[in-house]
Protein chains: 2
Amino acid sequence: MLEQLKLDNQLCFRLYTVSRLITQAYRPLLEPLGLTYPQYLVLMVLWERDNQLVSDITHRLMLDTNTVTPLLQRMEREGLLVRTRGIADGRQTLVSLTHKGKHLEEKAKDVPSCMADNLRCGSSDVERYASLVTSLDEMIETIKVKEK
Amino acid sequence: MLEQLKLDNQLCFRLYTVSRLITQAYRPLLEPLGLTYPQYLVLMVLWERDNQLVSDITHRLMLDTNTVTPLLQRMEREGLLVRTRGIADGRQTLVSLTHKGKHLEEKAKDVPSCMADNLRCGSSDVERYASLVTSLDEMIETIKVKEK
DNA sequence: TTAATTTATATCGTTCACGATGCAAAAATA
DNA sequence: TATTTTTGCATCGTGAACGATATAAATTAA
């Protein structure tokens, strides 16, 4: 058995697992709001600035339209946002929050601190957190560049 | 706008993104082998030790049967493994590699080093890699415990 | 031994993620 | 201006993830 093929040696498997577990940890916080984690991400983008194009959202979340469009359609059905086609450029779609979508920001205000509590472990010092964020940002840059 | 709700401040979004980008980076390496990343994970478990129960695999990958069973069914259809029901305990299902499944280990032997090259960036020293792995393992433990 | 409970796996329905493809509007080129 | 190419978004099909539920075998309790 090649040492490299052992699962425990794999950074990638850890990242895959952590990502899944985090999404699971969000569930009890987001379900009362009627949101999934990807939907919450879309709302964070729109809470930061309303009335953005589909392309703005895909770039921000680093997802493609074939993921984001159905996501937005479901959120539109839920009455969280409205999609308006063809303003200046007829190809574009503008995404705007409804009153309900805006109002959710208030209800979601405790989600980040609850998640922070969930992730906080004994040794979670500020330095390690910062180092982790830096490493992840580097990885995102590295992979993004090599892909394209 | 609450500072905490800003996307860029979110460790979780970074982990979600890194995980997705890594799966994407695996694709060109695994597609020639006819594998997806989760299927590759299952094979790594079975290459390490053949003839394991479904429960062994779910525990190892920290997934549930409702994810693993369909995954194994697709892999069985592809002729990579065989599922045998009811040996000593009639509820269990034993998963065994076929010749084709075993043979893939040879073909996959360069995948880890190729991925390592993909992830390697300028400043990726051994220390940071080790620190990253430690942080992720801590997070996995923390979330796992709090969930159950 | 029969009945109740637990365990191991499977099934179902919904939402993502994403490659491939389609399509209409806009921009570039002839 | 007519044609080609590009761009922005949508649609389709497949494979995960996962909550909820189902089912049959094994275990425990009565």
Side-chain angles (χ1 to χ4, degrees), chain A residues 13 16-28 30-32 34-42 52-78 80 83-95 143 147-148, chain B residues 13 16-28 30-32 34-43 52-59 61-78 80 83-95 143 147-148:
Chain A
F13 173 64
Y16 160 83
T17 301
V18 168
S19 176
R20 277 196 315 104
L21 293 179
I22 284 179
T23 304
Q24 286 176 33
Y26 266 109
R27 199 175 307 273
L30 294 179
E31 202 186 48
L35 295 175
T36 65
Y37 182 59
Q39 289 172 7
Y40 173 66
L41 292 179
V42 169
Q52 297 196 57
L53 299 177
V54 170
S55 57
D56 295 328
I57 298 173
T58 61
H59 291 142
R60 202 67 205 293
L61 299 182
M62 288 184 262
L63 289 164
D64 208 345
T65 58
N66 53 5
T67 299
V68 171
T69 294
L71 190 53
L72 293 174
Q73 286 170 341
R74 284 185 288 268
M75 294 176 76
E76 188 170 34
R77 257 188 273 138
E78 294 294 322
L80 298 171
R83 299 183 310 140
T84 321
R85 190 103 204 211
I87 317 90
D89 187 328
R91 293 166 299 181
Q92 297 175 335
T93 295
L94 189 70
V95 182
I143 304 178
E147 295 290 291
K148 261 296 147 63
Chain B
F13 173 64
Y16 159 83
T17 301
V18 168
S19 177
R20 279 194 315 102
L21 292 179
I22 284 179
T23 304
Q24 286 176 32
Y26 265 109
R27 201 176 305 275
L30 295 179
E31 202 186 48
L35 295 175
T36 64
Y37 182 58
Q39 289 172 7
Y40 173 67
L41 292 179
V42 169
L43 287 181
Q52 297 197 56
L53 299 176
V54 170
S55 57
D56 296 329
I57 299 174
T58 62
H59 291 143
L61 298 182
M62 288 184 261
L63 290 164
D64 208 344
T65 58
N66 53 5
T67 299
V68 170
T69 294
L71 190 53
L72 293 174
Q73 287 170 342
R74 284 185 288 268
M75 294 176 76
E76 188 170 34
R77 256 188 272 137
E78 294 294 322
L80 297 171
R83 300 182 311 139
T84 321
R85 191 102 204 213
I87 316 91
D89 187 327
R91 294 166 299 181
Q92 298 176 334
T93 296
L94 189 70
V95 182
I143 304 178
E147 295 291 290
K148 261 295 148 61

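Note on naming: letters A, B, ... go to the chains in the order of the sequence lines (proteins, then strands), and numbering restarts at 1 for each one. Keep in mind the model is a prediction, meaning the values are calculated, not measured.
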Closest listed nucleotide, where the reference is the side chain of B:L63 and the choices are C:dC18, D:dC18, D:dA16: D:dC18
Distances under 3.5 Å between protein N/O atoms and the N/O atoms of nucleotides 8-11 of chain C, please, pair by pair.
{"unit_1": "C:dT9", "atom_1": "OP1", "unit_2": "B:T93", "atom_2": "N", "d": "3.1"}
{"unit_1": "C:dT9", "atom_1": "OP2", "unit_2": "B:S55", "atom_2": "N", "d": "2.9"}
{"unit_1": "C:dT9", "atom_1": "OP2", "unit_2": "B:S55", "atom_2": "OG", "d": "3.2"}
{"unit_1": "C:dT9", "atom_1": "O3'", "unit_2": "B:T93", "atom_2": "OG1", "d": "3.1"}
{"unit_1": "C:dA10", "atom_1": "OP1", "unit_2": "B:R83", "atom_2": "NH1", "d": "2.6"}
{"unit_1": "C:dA10", "atom_1": "OP1", "unit_2": "B:T93", "atom_2": "OG1", "d": "3.4"}
{"unit_1": "C:dA10", "atom_1": "OP2", "unit_2": "B:T69", "atom_2": "OG1", "d": "2.6"}
{"unit_1": "C:dA10", "atom_1": "N7", "unit_2": "B:T65", "atom_2": "OG1", "d": "3.4"}
{"unit_1": "C:dT11", "atom_1": "OP2", "unit_2": "B:Q73", "atom_2": "NE2", "d": "2.7"}

Taking 4.0 Å as the cut-off, does a side-chain nitrogen or oxygen of A:Y37 come that near to OP1 or OP2 on C:dT15? no
Tell me the interatomic distance from B:E76, atom CD, to D:dG15, atom P, rounded to whole angstroms. 15 Å
What's the CG-P distance between A:L30 and D:dC18, to the nearest Å? 14 Å
In whole angstroms, the gap separating C1' of D:dG8 from CD1 of A:I57 amounts to 13 Å
Using atom types as modelled, flag every donor-acceptor pair under 3.5 Å from a side chain in residues 64-76 of chain B to any protein atom, sequence neighbours excluded.
{"unit_1": "B:T69", "atom_1": "OG1", "unit_2": "B:T65", "atom_2": "O", "d": "3.1"}
{"unit_1": "B:E76", "atom_1": "OE1", "unit_2": "B:R83", "atom_2": "NE", "d": "3.0"}
{"unit_1": "B:E76", "atom_1": "OE2", "unit_2": "B:R83", "atom_2": "N", "d": "3.0"}

Protein-nucleotide distance (B:L43, atom CG; D:dA16, atom P), rounded to Å: 11 Å
Results of side-chain contact (heavy atoms from CB on, under 4.5 Å) for B:T17 - residues two or more places apart only: A:M62, A:I140, B:F13, B:R20, B:L21
Any side-chain N or O of B:R27 under 4.0 Å from OP1/OP2 of C:dG19? yes
Donor-acceptor under 3.5 Å (A:R91 side chain, A:G86 main chain): no
What is the separation between atom CZ on B:R20 and atom C1' on C:dG19, rounded to the nearest whole Å? 14 Å
